[in-house]
Amino acid sequence: MPTLVDDLTFRGLIHQLSDQALLERLDAGGLTAYAGFDPSASSLHHGNLLQLCTLRRLQLAGHRPIALAGGGTGFIGDPSGKSDERNLLDLDHLAANVEGVRPQLARLLDFEPSAGPTQALLADNASWLYDLPLVTFLRDVGKHVTVNQMVKKDSVRARLERAGEGISYSEFSYMLLQAYDFLRLHLDEGCDLQIGGSDQWGNISLGAEVVGKVTGDKVYGLTTPLVTRPDGAKFGKTVEGAVWLDPARTSPYRFYQFFLNVEDRSVGQYLRFYTFFSHGEIAALDAETEAHPERRAAQRALARSVCELVHGEGEAARAERASAALFGAELCELDESTLLEVFEDAPSSAISAQALAGNGSGTLDIVGALVRAELCGSLSEARRLVAAGGAYLNNQRIDDPSRLIGSGDLVAGRYVELRKGRRDYHLLRAE
RNA sequence: GGGUCGGUGUCCGAGUGGCCAAAGGAAGCAGACUGUAAAUCUGCCGGCGCAGCCUACGGGGGUUCGAAUCCCUCCCGGCCCA
């Protein structure tokens, strides 16, 4: 059984750390660690997942995790973002978001009292930042930080040096607010470690320093590498946009597909980051990818595991079955029960039966159907798709944009399968 | 407050009176090849009732036969000065 540090090292999760002494503390257990997330949406997304997984690793190794919602700092905006005038009146809204995120956190972290000293905590910095008197803040935090060192931080320097750019005072202060969070969590909860992505290194190291100066206690910072694709492209996007943990925003099926489609070069890293497989299992999957990349064994294991972690075993199994059926066999070859099961899990929408009335004499054509299924954003786009040969009806390519869809196209009496390209499926359900 | 530069399609970025739905790049989508991979090549990439029309180059107004391009004004951002 590897130690926590061995495990984190094997997985490539340690990018920077504030002090080598942290390694011993990690293996010893008993730390309280926090990671922040932005509660501007009612769901966490793929970008938060790495930190959550890391917190989970810490908890499993005997540490206490805290998920900190940036309900207060959310108003300010991290300097890397654009200033799009956040609204203070959204306070209730943000609080609701924080609560909406709790069940998602609970899938990865143990919030039950039975966890004892490692019981996870969800905190919101709005509870202390929103009413924080400026004078108090300047005395407790501002006094301990020089502008000189703040200006040297990469996030600030980039904004100062680039011509045509600038940084507002509030964004400039962001790192101090984050430092105050660390201080509060240290004083109130005994928190002694902050983790985050490597883009947070400046904020995290400053925070650790401030807590040390104010309290005289030793606290630590640790960052993980940023998740990037081999080509540097942003990771965590599907056709529809971000990959959310909320099944209402990103269905388990899409979530599963997202991880299944990971390229060979990256799958090893993602297995290390997002799964809790043993080192031996990961090595075996690496070897399998090397020897038989076409089998996509690592991708399958990754998708199954992450989906299970986030959505539970039942949903993961359904997503896996739906994927296997859609990509494995011709629709017409599937028996009815399998067909119904697949249709149950795949993305679908309802359509009135009248629209499909009459075989070939209905009013819905392939182009309209593609838009209706939200596979295409406009009729023009749908026409182009058909012209390019990327439109399929019940697994058969459709070349004629005026092809009408009628009752004769129904599968199992009430479904019409539409596909865009090779992997983007949608089902219309006549009702 | 003064001066100055700028605000173009998802993003970056050309364009400075008609040939502009707007160069180029990136991202994205599709096709071919494959393994629901990568790379590569090809096509597409504002909307629509699609040989045409509509809406678009920060907002509004004006000049002109005609404006992303000129003028006025307002809003927003950068830089410099106060």
Side-chain angles (χ1 to χ4, degrees), chain A residues 77 79-85 158-172 228-242 253-271 285-286 288-304 307 319-331 342 345-347 363 365-368 370-371 373-393 395-402 417-426:
Chain A
S80 54
K82 269 194 166 181
S83 55
D84 49 352
E85 289 297 317
R159 294 279 289 269
L160 291 176
E161 285 176 355
R162 204 172 348 149
E165 280 278 336
I167 184 166
S168 68
Y169 181 71
S170 57
E171 285 189 27
F172 181 61
T228 51
R229 304 225 319 230
D231 54 6
K234 51 194 172 293
F235 182 59
K237 292 286 220 178
T238 63
V239 185
E240 296 81 29
Y253 167 79
R254 291 233 185 262
F255 189 86
Y256 178 90
Q257 283 287 317
F258 173 76
F259 284 97
L260 189 67
N261 279 314
V262 163
E263 55 268 53
D264 297 352
R265 278 181 292 173
S266 304
V267 72
Q269 186 187 33
Y270 299 161
L271 281 171
L285 287 168
D286 282 349
E288 180 72 9
T289 298
E290 179 74 25
H292 298 286
E294 73 283 359
R295 290 183 190 162
R296 313 172 63 75
Q299 280 91 338
R300 285 178 213 286
L302 172 71
R304 173 65 191 243
C307 201
E320 192 174 58
R321 275 200 304 273
S323 297
L326 280 174
F327 289 94
E330 287 301 315
L331 277 187
V342 168
D345 296 332
T363 52
D365 59 18
I366 181 74
V367 169
L370 286 167
V371 174
E374 293 179 346
L375 288 172
C376 295
S378 72
L379 294 175
S380 300
E381 190 184 325
R383 282 198 194 88
R384 276 182 232 116
L385 181 72
V386 174
Y392 295 81
L393 170 65
N395 266 354
Q396 293 203 301
R397 181 181 286 178
I398 301 299
D399 298 313
D400 177 11
S402 62
E417 180 258 11
L418 292 167
R419 179 151 59 93
K420 171 184 171 186
R422 304 185 66 188
R423 58 178 110 131
D424 214 359
Y425 287 89
H426 190 94

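Proteins get letters first, then strands, A, B, ... in listed order; numbering begins at 1 in each.
- Across A/N261, A/L271, A/D264, A/L285, a single residue satisfies side chain to side chain contact (heavy atoms under 4.5 Å, CB included) together with A/Q299, and that is A/D264.
- Residue A/A391 is the one, among A/S323 and A/A391, whose nearest nucleotide of RNA chain B lies closer to the 5' end (criterion: closest heavy atom).
- Among residues two or more places apart in sequence or in another chain, the salt bridge (Lys or Arg N to Asp or Glu O under 4.0 Å) test is passed with A/D286 by A/R272.
- A/Q257 places its CD atom 10 Å from the P atom of B/A37, with the value rounded to the nearest Å.
- Checking B/A38, B/A30, B/G35 against every side-chain atom of A/R265, the shortest atom distance belongs to B/A38.
- A/L260 comes within 4.0 angstrom of a base, heavy atoms only.
- One interatomic measurement links the two molecules: CG of A/L385 to C1' of B/G31, which rounds to 10 Å at whole-angstrom precision.
- B/G25 and B/C41: their P atoms are spaced 13 Å apart (whole Å).
- Pairs engaging residues 290-301 of chain A under the salt bridge (Lys or Arg N to Asp or Glu O under 4.0 Å) rule: A/E288-A/R295 [sequence neighbours left out].
- Residue contacts for A/Y392: at a heavy-atom cut-off of 4.0 Å it reaches the sugar-phosphate backbone alone, with no base atom in range.
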Given Watson-Crick or G-U pairs with both distances under 3.5 Å, what dot-bracket string fits RNA chain B, with | for other-strand pairs and [ ] for crossing? ((((((((.[[[..)..(.....]]].(((((.......))))).(((...)))...[[[[[..)....]]]]]))))))).
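- For the ring-ring contact (aromatic ring centres under 6.0 Å, His included) test, no residue two or more places apart in sequence or in another chain qualifies with A/Y256.
- Side chain of A/R296, nearest nucleotide from B/G31, B/G35, B/A30: B/G35.
- Using a 4.0 Å heavy-atom criterion, one finds that A/R419 contacts no nucleic acid atom at all.
- Partners of A/E381 by salt bridge (Lys or Arg N to Asp or Glu O under 4.0 Å), not counting sequence neighbours: none found.
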Contact state string [nucleotides 47-52 of chain B, B base, S sugar-phosphate only, - no protein heavy atom under 4.0 Å]: SBSB--
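- Between the CD atom of A/E263 and the C1' atom of B/U40 there is a distance of 16 Å, rounded to whole Å.
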